[in-house]
Amino acid sequence: MLEHDVKAKLLVVNNEKDQRVAMIQMLRSAGYEVLEAASGSESLNQVREEHPDLIILDNLLPDRDGLDLGKEIKLEEELKDTLVILVSNEEISPENKSKWIESGLDGCLTKPISKGELLAIVGSMLRLKESESKYRSIFENTGTATIIVEEDRTISLANNEFEQLSGYTKQEIEGRKNLIEFGSEKDIGKLMKYHNLRRNNPDLAPRNYEIKFKDKTNNLKDIFITVGMISGTNRSVVSLQDITQSKKTEKALFKELEINSDLAKLSRKLLESAPISDISDMVLKYAQKFTHSQFGFVGYIDPETGFLVSPTMTRNIWAECHVSDKSLIFEKFKGLWGWVLNNRQPLLTNNPKDHPQSAGTPSGHIPIKNFLAVPAIINDNLVGIIALANSKKGYDEKDLELTERLSNLYAIAISRKHSDDTIKENEEKYRNIVEKFLRLHNEIMNEIIQKRNLI
C-alpha cells in the first residue's frame, strides 16, 4: 500500500536481460524501488514475498504465458490489489486490450516503450491506486454499513460494517449479490422503483427512506437508507443504518404511554365510584389489550359467602364455551385459576396442559393454549382475580407485571366497593334506629298529651 511521498515498489518481469535492465534504469532514475525477475515462476515467488505495488509483465516468458500469470496473481486474495501492466511485442488490438482489462489486468503497453511513456503510465496508475486506497480507507471507516451498487443493482463493493449487518462475507457479496435480495418481500418493489428513478428521474427518488432488511439468516431488521449517485457514473453509494433497536425502544415507549393512559382512565373510573361490574369489564378489557389475550375473566370474592363472582364471564367467553351448567358464581376454586386463588400467587404458563396444577378442561370448554392469572389482594385480604388465556404471542414477565398492576387497581376498587356498601348499610341501620326513636318519641309525647287532656 502506498503512503504519501513514499516511492512505490515495482517488479519488472522480462526474460530479455537487455530490455529488463534498460527498463529498470528508467524506473530507478525516477526514484522507484525496482525488483526484477526473468521467468514466471521467479516472478510469482517475488510477488508473494515482496508484495510490489506494480508489476510490468512481459507477455512472452520462457516458462509460461504472461497473460495467464497476470490473471493468476489477480485471483490470489492477498495479491488482488497489485497493479499489473502487460507488455506485448506486437500491436494490441482494441478487442484484445478490452479482453485483457476485463480479465483483471490494469493496463497494456506495446514495445518499444519510451522512458516518457513508461514513467507516465506507471505514475498515472500509481496515483490512481493511491486515490483508490484513500477512497477504500474512507469507505471502510464510515462507521456505517455502506455499499456501491451498479446500474443492474449488483453490489460491487461492500465494507466491513455491511458484512456484519448482512451476515455475508465480502466474497459472497461483491459481484454476486443484488440489492433487492436484501429487501423484505414488501420492500422489493420500493427498492427497484427508487433505484430506477434515481437514474432516470432523480428528482422523484427520495434520498432517505426506511426498509425491512433481510440478513443471511432471514432475520428482518429496520434500516434507514441514504443513497447518492457517484458523479459521472450510473453507480450509487448506499449507506444503511440499523435502527432496529431504536424502533423497538420507540415502540416500547409508545406502548408504555398508552398503558399509563389506560391505567389513568381506570383510576378515574375508580374515583367515580362506578359499579363493580363496570370496573370489572374495564379491567378485563385493558388486561386483554395489554397481553393480546383472546379470552379472560375478572371476578371478585363475595365477602359474605366467600364465593367468586365473575360479572365479566358473559362478555366474550359465554358464546364460545359449551360447558353445561355454566354460572357466574363459583363456590369451589378449581383448576389453574383455583390454584391462584387458593395459594394467593400469580401463575404464568405457556404450556397449561403439562402444568402440574392443571386439572384439564371439561368437555365443551374452550381450548387453553396459554394461561396467566393474578390474584387481587389488598391489606393481605384476597378480594378477586384476573385470569387470561390464549395470548397470540404467548405470555412473558412483562405481561405478568402489567396484569399485577391491574390487579392492584382492581383490589382497590373492590375494597372501596365493600367500604361503600358497609357505609350504606350503616347509614341504613342508623337511619332505622333514628326513625324508630322518633316514632317511639312521638308515641310517648302523644300519650302524655292525651293524659293531660283527660285531667
Side-chain angles (χ1 to χ4, degrees), residues 77 132-199 202-231 233-260 290 292 391-399 401-402:
E77 182 62 28
E132 288 181 349
S133 178
K134 289 179 179 178
Y135 172 77
R136 279 184 175 272
S137 178
I138 294 170
F139 185 78
E140 284 293 348
N141 293 282
T142 59
T144 306
T146 307
I147 53 176
I148 302 297
V149 181
E150 302 295 325
E151 186 175 11
D152 64 356
R153 299 190 297 274
T154 299
I155 298 172
S156 56
L157 196 62
N159 67 359
N160 292 332
E161 281 81 4
F162 189 82
E163 280 187 306
Q164 295 172 15
L165 179 69
S166 67
Y168 292 96
T169 65
K170 290 182 182 181
Q171 290 72 29
E172 292 174 309
I173 298 167
E174 294 175 349
R176 292 180 171 86
K177 288 292 181 182
N178 194 293
L179 175 64
I180 64 172
E181 292 180 50
F182 294 99
S184 67
E185 189 174 341
K186 70 175 185 177
D187 285 320
I188 289 176
K190 180 195 293 186
L191 287 168
M192 293 176 65
K193 177 183 176 182
Y194 292 165
H195 180 87
N196 294 333
L197 278 176
R198 193 161 284 108
R199 286 152 180 79
D203 291 339
L204 297 180
R207 177 174 170 77
N208 305 107
Y209 57 95
E210 293 181 17
I211 66 163
K212 287 285 188 182
F213 180 94
K214 183 174 63 177
D215 66 13
K216 189 173 184 177
T217 61
N218 289 322
N219 182 39
L220 292 179
K221 303 174 182 178
D222 291 296
I223 299 295
F224 181 79
I225 286 183
T226 300
V227 188
M229 293 299 296
I230 299 175
S231 180
T233 74
N234 270 324
R235 305 162 81 198
S236 55
V237 56
V238 182
S239 172
L240 303 96
Q241 183 179 358
D242 189 349
I243 58 172
T244 306
Q245 191 56 47
S246 297
K247 283 280 190 181
K248 287 181 179 178
T249 302
E250 181 182 316
K251 186 176 180 180
L253 286 173
F254 180 79
K255 184 177 180 180
E256 189 66 24
L257 286 172
E258 188 178 24
I259 288 169
N260 289 333
F290 295 163
H292 306 280
S391 170
K392 297 176 183 177
K393 60 177 184 57
Y395 294 114
D396 56 26
E397 291 299 317
K398 183 65 176 176
D399 296 319
E401 177 197 341
L402 289 171

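If you're wondering where the values come from, they're calculated on a predicted model, not measured in any experiment.
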Q) Can you find a heavy atom in the side chain of S184 that is under 4.5 Å from one in the side chain of K214? A) no
Q) Any donor and acceptor pair, going by atom type alone, linking the side chain of N260 with main-chain N or O of L257 inside 3.5 Å? A) no
**Q.** Straight-line distance of Y194 OH to D187 CG, nearest 0.5 Å
**A.** 9.5 Å
Q) Between D222 and K212, is any pair of side-chain heavy atoms under 4.5 Å apart? A) yes
Q. Judged by atom type as modelled, is there a donor-acceptor pair below 3.5 Å linking the side chain of H195 to the main-chain atoms of E151?
A. yes
**Q.** Option among V227, I223, T226 that satisfies the side chain to side chain contact (heavy atoms under 4.5 Å, CB included) test with L240
**A.** I223
Q.
I want to check something: taking the side chain as every heavy atom from C-beta on, are E140 and N160 in contact at a cut-off of under 4.5 Å?
A. yes
Q) Hey, is the main chain of P206 close enough, under 3.5 Å, to the side chain of R198 for a donor-acceptor pair? A) yes
Q.
So, using side-chain hydrogen bond (donor to acceptor under 3.5 Å, both in side chains) as the criterion, who are the partners of K247 when residues are at least two apart?
A. E210
Q. What heavy-atom pair brings G167 and K216 nearest, and what distance separates the two atoms?
A. O-CD, 3.3 Å
Q. What distance separates I225 CD1 from S239 OG, expressed to the nearest 0.5 Å?
A. 9.0 Å
Q | side-chain hydrogen bond (donor to acceptor under 3.5 Å, both in side chains) between T217 and N219, intermediate numbers included | A | CA-CA 5 Å; T217 61; N219 182 39; 5.2 Å; no
Q: May I ask you to say whether K398 pairs ionically with E256, meaning some side-chain N is under 4.0 Å from a carboxylate O?
A: yes
Q) Roughly how far apart are L191 CG and E181 CD, rounded to 0.5 Å? A) 11.5 Å
**Q.** Qualifying residues under side chain to side chain contact (heavy atoms under 4.5 Å, CB included), relative to K193, sequence neighbours excluded
**A.** L197
Q.
Tell me if a side-chain donor or acceptor on K221 pairs with a main-chain N or O of L165 at a distance below 3.5 Å.
A. yes
Q. Of all heavy-atom pairs between N159 and A145, which one has the smallest distance, and what is that distance?
A. OD1-CA, 3.7 Å
Q: Locate the shortest heavy-atom distance separating R199 from N234; write the atom from each residue and the value.
A: NE-O, 2.9 Å
Q: I would like to know whether K393 and D399 meet side-chain contact (heavy atoms from CB on, under 4.5 Å); could you show each step before the answer?
A: CA-CA 11 Å; K393 60 177 184 57; D399 296 319; 2.6 Å; yes
Q.
Could you report the tightest heavy-atom contact between F139 and A158, atom names first, then the distance?
A. CE2-C, 3.6 Å
Q: Side-chain contact test, heavy atoms from C-beta onward, threshold under 4.5 Å: evaluate it for I147 versus K177 and give yes or no.
A: no
Q) Which atom pair, heavy atoms only, marks the closest approach of S166 to D215? A) O-CB, 3.3 Å
Q: Could you check if a side-chain atom of P202 sits within less than 4.5 angstrom of a side-chain atom of M229, using non-hydrogen atoms only?
A: no
Q) Got a sec: does the CD of Q171 have more than 12 other heavy atoms crowding it under 6.0 Å? A) yes
**Q.** Rounded distance (nearest 0.5 Å) linking atom NZ of K255 with atom CZ of F290
**A.** 8.5 Å
**Q.** Atom of K170, atom of E163 and distance for their closest heavy-atom approach
**A.** N-OE2, 2.7 Å
Q: Name the orientation class of the two ring planes belonging to Y168 and F182 (parallel below 30°, tilted from 30 to 60°, perpendicular beyond 60°).
A: perpendicular
